[in-house]
Enquirer: 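Mind looking over this structure? Questions follow.
Values below: all heavy atoms of this structure, side chains included; hydrogens, waters and symmetry mates excluded. In what follows, every chain begins at residue 1, and chains take the letters A, B, ... in the order their sequences are listed.
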2 protein chains.
Amino acid sequence: MPRRENVSMSVIRRLPRYYRYLHRLKEKGVTRISSTELSAKLGLTASQIRQDLNCFGGFGQQGYGYIVSQLYDAIANILGLSNGYPTVLFGAGNLGRAIATHMSFRDEGFRLIGIFDKSPDRIGTRLASLPVRDVAEAEKFCRTERPVMAVFCVPPEAAAELSAMLYGIGIRNFWNFSHYSISMHYPDAVVENVHLNDSLMTLCYLISDKAASAPEK
Amino acid sequence: MPRRENVSMSVIRRLPRYYRYLHRLKEKGVTRISSTELSAKLGLTASQIRQDLNCFGGFGQQGYGYIVSQLYDAIANILGLSNGYPTVLFGAGNLGRAIATHMSFRDEGFRLIGIFDKSPDRIGTRLASLPVRDVAEAEKFCRTERPVMAVFCVPPEAAAELSAMLYGIGIRNFWNFSHYSISMHYPDAVVENVHLNDSLMTLCYLISDKAASAPEK
DNA sequence: TAGATTGTTAATCGATTAACAATC
DNA sequence: TAGATTGTTAATCGATTAACAATC
């Protein structure tokens with residue numbers, strides 16, 4: 001994998017889309033695809049796709065295009081999906097349960113090894129083939145099991161406490177569903193935020209705006 | 001609300017963050033804030049914040065700053081949060097349940113009026129003070145209740161079917177957690193996608209990339 | 001009035017698109 | 001060889017940052 005110097009977030013966020021689409025193509029038995037075909041299917045420009053891929057190396061063949069399975073594997077490799085980073089999840093409420101069961105962490109580069117909650121009702125139950133543990137045991141567990149990433153499906157106050165503890169024992173990567181701003185407090189942490197409320201408000205804006213700009217009828 | 005012509009998505013996606021932070025300030029009893037203070041707290045530049053807000057009008061006062069409650073209300077108004085758009089949700093699995101219970105749709109511009117699932121185990125149960133209905137009744141329900149937005153917490157095949165049906169009866173707005181590409185099939189639909197798998201893969205890239213660029217030790 | 005901070009214009013930076021030479 | 005399509009450079013477009021005049 002040559003090149004790859006400060007690739008922009010815009011490019012990185014498109015990689016999973018390429019990856020998903022190539023997966024479908026593979027399933028359909030398509031072996032070869034050109035940037036033009038890809039662009040039509042994904043609603044991007046061919047130029048952009050070639051530009052994006054060339055951040056990481058030349059995966060195509062002039063006059064021919066890209067070999068689907070080869071490009072698919074290359075992107076999996078770029079994303080690091082075979083790493084299986086050991087992961088702990090905090091919060092076994094509705095969202096935590098959805099994340100734990102819905103996500104096949106394994107296919108996306110992670111391996112769920114521990115789930116924690118503070119509620120006695122939940123502690124001891126099983127979820128995604130794992131026991132839900134008392135969050136009080138989390139520090140001890142993490143010191144021995146050494147997870148690399150933590151998922152936060154907890155309220156902001158809990159996220160504040162937990163990130164302090166986890167940062168303290170060396171965890172630097174977070175998938176954050178809470179509204180606590182981890183990156184603000186730990187600038188060297190790698191944080192991927194998912195703010196569902198923000199997403200919903202954005203949609204509300206778009207709907208309201210459309211209604212405002214198309215007033216008649 | 002003056003101005004507002006083709007405001008960019010980058011600006012729109014920052015509005016909920018401003019809104020959330022202003023909410024916290026209000027709670028803390030802060031009445032006044034300058035763009036410089038705001039920028040420090042949010043990790044943006046003061047310039048950007050002023051630029052963003054001025055897409056919608058002049059909410060500040062020279063030499064003074066912004067009145068917290070006034071700006072808060074203005075943003076709520078810009079986002080259209082008081083619209084209470086009637087909304088239906090499809091899929092009462094783990095994710096659907098999380099969305100239905102976790103989200104206070106009301107605070108974010110929507111009003112959940114119907115939940116649908118195809119599984120007999122789930123039909124008839126209650127969720128977020130609503131009965132889970134048979135998806136077979138969805139069309140009839142929507143024809144009479146006229147929801148404005150639909151949430152998809154279903155697999156892609158179901159999303160394909162449902163979007164055809166819903167588009168057919170006039171629904172044009174979607175909060176899409178599935179990997180079915182609504183906008184590709186219905187270009188005039190307003191779609192907010194949430195792709196959790198993509199988010200996770202992006203995080204995997206960032207972790208792998210960090211590891212690669214800081215090799216020693 | 002003096003100090004502060006906005007609103008807004010101009011400069012910079014980065015990302016996307018277009019074009020085309022290289023080459024399979 | 002001719003046709004096709006990449007890799008890559010150059011041109012355009014848009015978003016962010018800087019600067020400063022307006023004004024509270």
Side-chain angles (χ1 to χ4, degrees), chain A residues 1-18 21-22 25 30-75 78 202 205, chain B residues 1-18 21-22 25 30-75 78 202 205:
Chain A
M1 311 295 96
R3 265 144 292 197
R4 185 200 290 230
E5 290 178 23
N6 22 357
V7 178
S8 82
M9 272 313 266
S10 328
V11 174
I12 297 163
R13 291 199 181 280
R14 279 190 294 268
L15 293 177
R17 282 182 66 201
Y18 298 152
Y21 192 71
L22 289 164
L25 287 177
V30 179
T31 56
R32 175 200 156 268
I33 191 147
S34 71
S35 58
T36 311
E37 290 172 273
L38 249 181
S39 69
K41 295 295 184 183
L42 292 170
L44 304 168
T45 67
S47 218
Q48 182 165 58
I49 291 177
R50 295 203 298 277
Q51 200 71 277
D52 283 358
L53 297 176
N54 278 85
C55 291
F56 305 98
F59 302 111
Q61 245 175 281
Q62 273 124 327
Y64 181 81
Y66 300 87
I67 294 166
V68 172
S69 66
Q70 207 171 283
L71 186 56
Y72 179 77
D73 293 346
I75 295 179
I78 293 165
T202 302
Y205 173 91
Chain B
M1 313 288 97
R3 265 143 296 197
R4 183 199 293 229
E5 290 177 24
N6 22 359
V7 178
S8 82
M9 272 313 267
S10 329
V11 174
I12 297 164
R13 290 199 181 281
R14 280 191 293 270
L15 294 177
R17 282 182 66 202
Y18 297 151
Y21 192 71
L22 288 163
L25 287 177
V30 179
T31 56
R32 176 200 156 267
I33 191 147
S34 72
S35 58
T36 311
E37 290 173 270
L38 248 181
S39 69
K41 295 296 184 182
L42 293 171
L44 303 169
T45 66
S47 220
Q48 183 165 57
I49 291 177
R50 295 203 298 278
Q51 200 71 278
D52 284 358
L53 297 176
N54 278 86
C55 292
F56 305 98
F59 303 111
Q61 245 174 284
Q62 273 124 328
Y64 180 82
Y66 299 87
I67 294 167
V68 171
S69 66
Q70 206 171 285
L71 186 56
Y72 178 77
D73 293 345
I75 295 180
I78 293 165
T202 301
Y205 174 91

Enquirer: Any protein N or O atoms within reach of nucleotides 2-6 of chain D? Criterion: under 3.5 Å, listing atom names and distances.
Expert:
{"from": "dT5(D)", "atom 1": "OP1", "to": "Arg32(A)", "atom 2": "NH2", "distance (Å)": "2.9"}
{"from": "dT5(D)", "atom 1": "O4'", "to": "Gly63(A)", "atom 2": "N", "distance (Å)": "3.1"}
{"from": "dT5(D)", "atom 1": "O2", "to": "Gly63(A)", "atom 2": "N", "distance (Å)": "3.0"}
{"from": "dT6(D)", "atom 1": "OP1", "to": "Ser35(A)", "atom 2": "N", "distance (Å)": "2.6"}
{"from": "dT6(D)", "atom 1": "OP2", "to": "Ser35(A)", "atom 2": "OG", "distance (Å)": "2.6"}
{"from": "dT6(D)", "atom 1": "O2", "to": "Gln62(A)", "atom 2": "NE2", "distance (Å)": "3.2"}

Enquirer: As an exercise, state the distance from CG of Asn54(B) to CD1 of Ile49(B), rounded to the nearest 0.5 Å.
Expert: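 It comes to 12.0 Å.
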
Enquirer: Can you find an N or O donor on one side and an acceptor on the other, under 3.5 Å apart, linking the side chain of Ser47(A) with the base of dA18(C)?
Expert: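 When only heavy-atom distances are counted, Ser47(A) does reach the base of dA18(C) through a donor-acceptor pair under 3.5 Å.
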
Enquirer: How long is the gap from OG1 on Thr36(B) to CZ on Arg50(B), to the nearest 0.5 Å?
Expert: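 One finds 6.5 Å between OG1 of Thr36(B) and CZ of Arg50(B).
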
Enquirer: Rounding to a whole Å, what distance do you find between Leu53(B):CG and dG7(C):P?
Expert: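 Roughly 8 Å, once rounded to whole Å.
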
Enquirer: What contact category does Thr45(B) fall into here, base, sugar-phosphate, or nothing, at under 4.0 angstrom with non-hydrogen atoms?
Expert: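 Sugar-phosphate only.
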
Enquirer: Is there a donor N/O on one and an acceptor N/O on the other, under 3.5 Å, for the side chain of Gln51(A) and the base of dT17(C)?
Expert: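 Check passes, donor-acceptor contact within cut-off.
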
Enquirer: Tell me the interatomic distance from Ile67(A), atom CD1, to dC24(C), atom P, rounded to whole angstroms.
Expert: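 Rounded to the whole Å, the gap is 13 Å.
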
Enquirer: Rounded to whole Å, please give me the gap between CZ in Arg13(B) and C1' in dT16(D).
Expert: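 About 18 Å, once rounded to whole Å.
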
Enquirer: Does any part of the side chain of Ile67(A), heavy atoms only, come nearer than 4.5 Å to the side chain of Gln61(A), both counted from C-beta?
Expert: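 Yes. Closest side-chain heavy atoms under 4.5 Å.
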
Enquirer: Can you tell me the distance, in whole Å, between the CD1 atom of Ile49(A) and the C1' atom of dA15(C)?
Expert: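 Rounding to the nearest Å, CD1 of Ile49(A) and C1' of dA15(C) are 15 Å apart.
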
Enquirer: Just so I know, are the side chains of Leu42(B) and Tyr18(B) near enough to count as touching, which here means a heavy-atom distance under 4.5 Å?
Expert: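 Leu42(B) vs Tyr18(B): side chains touch.
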
Enquirer: Can you give the dot-bracket line for DNA chain D, using ( ) for pairs inside the strand, [ ] for pairs that cross earlier ones, | for pairs with another strand and . for unpaired bases, where Watson-Crick and G-U count if both distances are under 3.5 Å?
Expert: ..||||||||||||||||||||||

Enquirer: So do the side chains of Leu22(B) and Tyr66(B) get within less than 4.5 Å of each other, counting heavy atoms only?
Expert: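 SC-SC contact between Leu22(B) and Tyr66(B) ruled out.
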
Enquirer: Once you round to the nearest 0.5 Å, how far does CG of Leu38(A) lie from CZ of Arg17(A)?
Expert: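 Output value for this atom pair is 10.5 Å.
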
Enquirer: Tell me which one of Ile75(A), Val68(A), Asp73(A) satisfies side chain to side chain contact (heavy atoms under 4.5 Å, CB included) with Leu71(A).
Expert: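 When side chain to side chain contact (heavy atoms under 4.5 Å, CB included) is applied between Leu71(A) and each of Ile75(A), Val68(A), Asp73(A), only Ile75(A) qualifies.
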
Enquirer: For Arg14(B) and Leu44(B), run side-chain contact (heavy atoms from CB on, under 4.5 Å): C-alpha distance rounded to whole Å, both residues' side-chain angles, the deciding distance at 0.1 Å, then the answer.
Expert: CA-CA 10 Å; Arg14(B) 280 191 293 270; Leu44(B) 303 169; 3.9 Å; yes

Enquirer: Give the rounded distance in Å between these two atoms: CD of Gln48(B) and C1' of dA19(D).
Expert: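 The answer, rounded to whole Å, is 16 Å.
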
Enquirer: Which distance, rounded to the nearest 0.5 Å, do you find between the NZ of Lys41(A) and the CG of Leu25(A)?
Expert: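 Going from the NZ atom of Lys41(A) to the CG atom of Leu25(A) covers 8.5 Å.
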
Enquirer: Find the distance Met9(B):CE to dC13(D):P and express it as a whole number of Å.
Expert: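 From Met9(B) CE to dC13(D) P: 22 Å.
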
